[in-house]
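Accompanying notes for the structure given below.
Reminder, nothing fancy here: chain letters follow the sequence lines and each chain counts from 1. Every heavy atom of this structure was used, including side-chain atoms; hydrogens, water molecules and symmetry mates were not. On a predicted model such as this, the values are computed, not experimentally measured, just so you know.
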Protein chains: 2
Amino acid sequence: METKYNIVKQAIMSKILDGTFRPHQKIYSESELMKQFEVSRHTVRVAIGELVTQGWLYREQGAGTFCVDRSIDEVSTNVSNQKNIAIITTSISDYIFPSIIRGAESYLSQYGYHVSLFSTNNNHDSEQRALKKILTQRFDGVIIEPTKSALFNPNINYYLNLERQNIPYIMINAFYDELDPLSITMDDEKGGYVQTEHLIELGHTNIIGFFKTDDIQGNKRMKGFLKAHREHGITFDPNNIVTYCSEEKATKPVEILRDKLTIDGDVPTAIVCYNDELAIRLLDVIREKNLQVPEDISIVGFDDSFMANVTEVKLTTIQHPKSKMGESAAKMILDIIKVVTSSHKKARDTGASSVIDPELIIRDSTKQYL
Amino acid sequence: METKYNIVKQAIMSKILDGTFRPHQKIYSESELMKQFEVSRHTVRVAIGELVTQGWLYREQGAGTFCVDRSIDEVSTNVSNQKNIAIITTSISDYIFPSIIRGAESYLSQYGYHVSLFSTNNNHDSEQRALKKILTQRFDGVIIEPTKSALFNPNINYYLNLERQNIPYIMINAFYDELDPLSITMDDEKGGYVQTEHLIELGHTNIIGFFKTDDIQGNKRMKGFLKAHREHGITFDPNNIVTYCSEEKATKPVEILRDKLTIDGDVPTAIVCYNDELAIRLLDVIREKNLQVPEDISIVGFDDSFMANVTEVKLTTIQHPKSKMGESAAKMILDIIKVVTSSHKKARDTGASSVIDPELIIRDSTKQYL
DNA sequence: TCCGATTTGTTCGTATGTATG
DNA sequence: GCATACATACGAACAAATCGG
């Protein structure tokens, strides 16, 4: 054990243990150690190298060799720095999510990263379970679609813990306001505005809007819906805004529309939907009432999911970049990881969030009001 | 990443993962590696050094460098006994795969397992990459849909290595014959038989069949197609069987059908398709030739994917359990894991493979031949 | 038991590349 | 732009352990 590199190693070790080298403090440079111990550079590097793999030191090219902060950082960092990215979405196999995931997966796998999927089913408990997994295992980064982004989030601590452990994350589709994270989102307010304006320009004035309000998207789209009315000088019945939450999506909107279409007198001539999924559901109600789309009622969806093209009536809807968004999210998270790992910077200071401009796709479900 | 020592490192890693270097087996000496890669001894030592600290190799002075036995490894089993299941499929976001994955994911997450997805895009290289990842990280079990199951599989070594490392796996939809693994598959021969018999019973005698033959499913369905003809005493033109491989799926079948429909005289009156995806493609050709389905031509799909219900003509097709299959696969793998971990048995001796009986779903794309 | 060939372990010297401040 | 510090790579030498004959 009296090899030269071992002597150097033990000497450095002592200084770490007795507190001469504090966490994140720079230790002697390689050339200094060469002089001190009268050994070659190679010997110094072997000594330092072992301390690095044992998790006592870290090196930064051009800057120096530093002491690791063992207080926060247990074994975890070392064990499996194996290029893992986690993706948390509300669903993994329905609606637009397969496309988003495909976009991300194909980009990430190009760079040797591998993807773990978690779905929350729009449920905070599942979200918590996913976050726990991610914190205990080792992930290099996380792409998150927030669950019920409009409500208070009981898992906020877990997100803060991600930051504390220096695991970068970004949010897609929406984000928790309290966290103010890097994100890729739609301009949902403008989306709702565009949906509504399209109908107004077609001459509709009695428009009913259905919005899911437990996520940010729904709230913003509703805001856009109101704004379009206001800016075009159209007054409207407050009853013409229907809000619902995830759990009610299969029941409440359907029942309310059924009622609205039953009362004669004040039947709406157009419908703005939170998304395509709801639009499809409401189409069933319209059919059940023997009304025709778009002849009797116009309807606008959101997201341009495959559903929009499945039905007899192809839906007018708002474009969602889906696989492109997945790819952008993947790119963004890899960029952050690069910066964070190479320079011990904090994730927040890298790059900027992006907001996607919504575009209307006009198909057959909307028509001039006569 | 293209440093010389990294190239050497990856090369050695490959040989460990594909089973060239078995546990406790001596790997090439440093001087051999110097010759092989034309690098200095220093470079070789750096490469080996990293693999040693990562726990893949150990060195013995005077004797050589040896491969670590990961199957009984206390540390690794311990560190991430984290309930991870990997799913490898040919695609993760198209066709019937989202449904299969959803079925598996929802079952596995109930039991606290978490799912990592890999897609091979029907490509052996990607399959290899996925298997390497799975062998490198620590997974409790793997659900695999084989890539090009009818062809010789160049990754057979990686599967054998899974067994050596005691990581249980099962295969779905098809399996590599050489491995004879536990599996959940369709009775594809019967499926092809049922497709064809349905048409024969409707009076069709000039039936053309399109089969993807780089996977087992296609070959078996073709076998069923032939058997139905034989058993019903119908002779047929060998030209009425069209085979294609994954890469040709968007071109060859389309071109051939176009030719067939152009020559008058011998136009087929019915089509048996490898799957719904192909059926949809062929519907386009039929439409292009101004023919009607089912009036002029009957067509049968396979898998009952969402596509079967999307088109103007709803497809007659064969049922595929999809999410049910995912769930069964998940259940099967968890059962195996339970047995393997509790009793140190080998995976092979647990439970039995299951074969699903195909059922015909009759919709609007087939009609009595007059 | 010793010898010699082989193999890994330690140490030196040198050179060039690349990131940091 | 420049000095500093780490990263990669080559060459050479001797030491120490192993293994077959």
_Which residues share a ring pair (Phe, Tyr, Trp, His ring centres under 6.0 Å) with Phe37(B), sequence neighbours left out_ = none
*Among Asn153(B), Leu135(B), Ile134(B), side chain to side chain contact (heavy atoms under 4.5 Å, CB included) partner for Tyr158(B)*: Leu135(B)
Distances under 3.5 Å between protein N/O atoms and the N/O atoms of nucleotides 3-6 of chain C, please, pair by pair.
none

*What's the CD-C1' distance between Glu30(A) and dT18(C), to the nearest Å?*
14 Å
_Terminal contacting nucleotides, 5' and 3', DNA chain D versus chain B (heavy atom, 4.0 Å)_ = dT8(D) to dT18(D)
*Sequence neighbours left out, what passes side chain to side chain contact (heavy atoms under 4.5 Å, CB included) with Lys133(A)? Give chain and number order.*
Phe118(A), Gln137(A), Lys83(B), His114(B)
*Mark yes when over 12 heavy atoms from residues, nucleotides or ligands other than Glu32(B) sit less than 6.0 Å from its CD; otherwise mark no.*
yes
_Strictly distance-based, threshold 3.5 Å: is any side-chain N or O of Ser109(B) a donor or acceptor partner for the main-chain N or O of Glu105(B)?_
yes
_If only side-chain N and O atoms count, and only distance matters, is there a donor-acceptor pair under 3.5 Å linking Tyr169(B) with Glu163(B)?_
yes
*Kindly say whether, by distance alone, the side chain of Gln61(A) makes a donor-acceptor pair under 3.5 Å with the base of dG17(C)?*
yes
*Please state how far atom CD1 in Ile48(B) lies from atom C1' in dT8(C), giving the value in whole angstrom units.*
9 Å
_Nearest-angstrom distance from the residue atom NZ of Lys4(A) to C1' of dT10(C)_ = 10 Å
*Apply ring pair (Phe, Tyr, Trp, His ring centres under 6.0 Å) to Tyr28(B) and list each qualifying residue two or more places apart in sequence or on a separate chain.*
Phe21(B)
*Interatomic distance, Tyr58(B) OH vs dT7(C) P [rounded to whole Å]*: 16 Å
*Round to a whole Å and report the spacing from CD1 of Ile7(A) to P of dT10(C).*
12 Å
*asked:* Using whole Å, what does the distance between atom P of nucleotide dG21(C) and atom CD of Glu60(A) come to?
replied: 7 Å
*Find which nucleotide of DNA chain C each of Glu50(A) and Gly64(B) is nearest to by heavy atoms, and output the residue with the more 5' nucleotide.*
Gly64(B)
*asked:* Counting only heavy atoms and a strict 4.0 angstrom limit, can you tell me which residues of residues 31-45 of chain B come near DNA chain D?
replied: Val39(B), Ser40(B), Arg41(B), His42(B), Thr43(B)
*Check the pair Tyr176(A), Ile144(A) against side-chain contact (heavy atoms from CB on, under 4.5 Å), reporting the backbone distance first and the verdict last.*
CA-CA 11 Å; Tyr176(A) 297 118; Ile144(A) 301 159; 5.5 Å; no
*asked:* Would you say that more than 12 heavy atoms from the other residues, nucleotides or ligands in this model lie under 6.0 Å from the NZ of Lys324(A), or not?
replied: no
*Looking only at side chains, do Asn6(B) and Glu2(B) share a donor and an acceptor under 3.5 Å apart?*
no
*Hey, is the main chain of Gln319(A) close enough, under 3.5 Å, to the side chain of Glu359(A) for a donor-acceptor pair?*
no
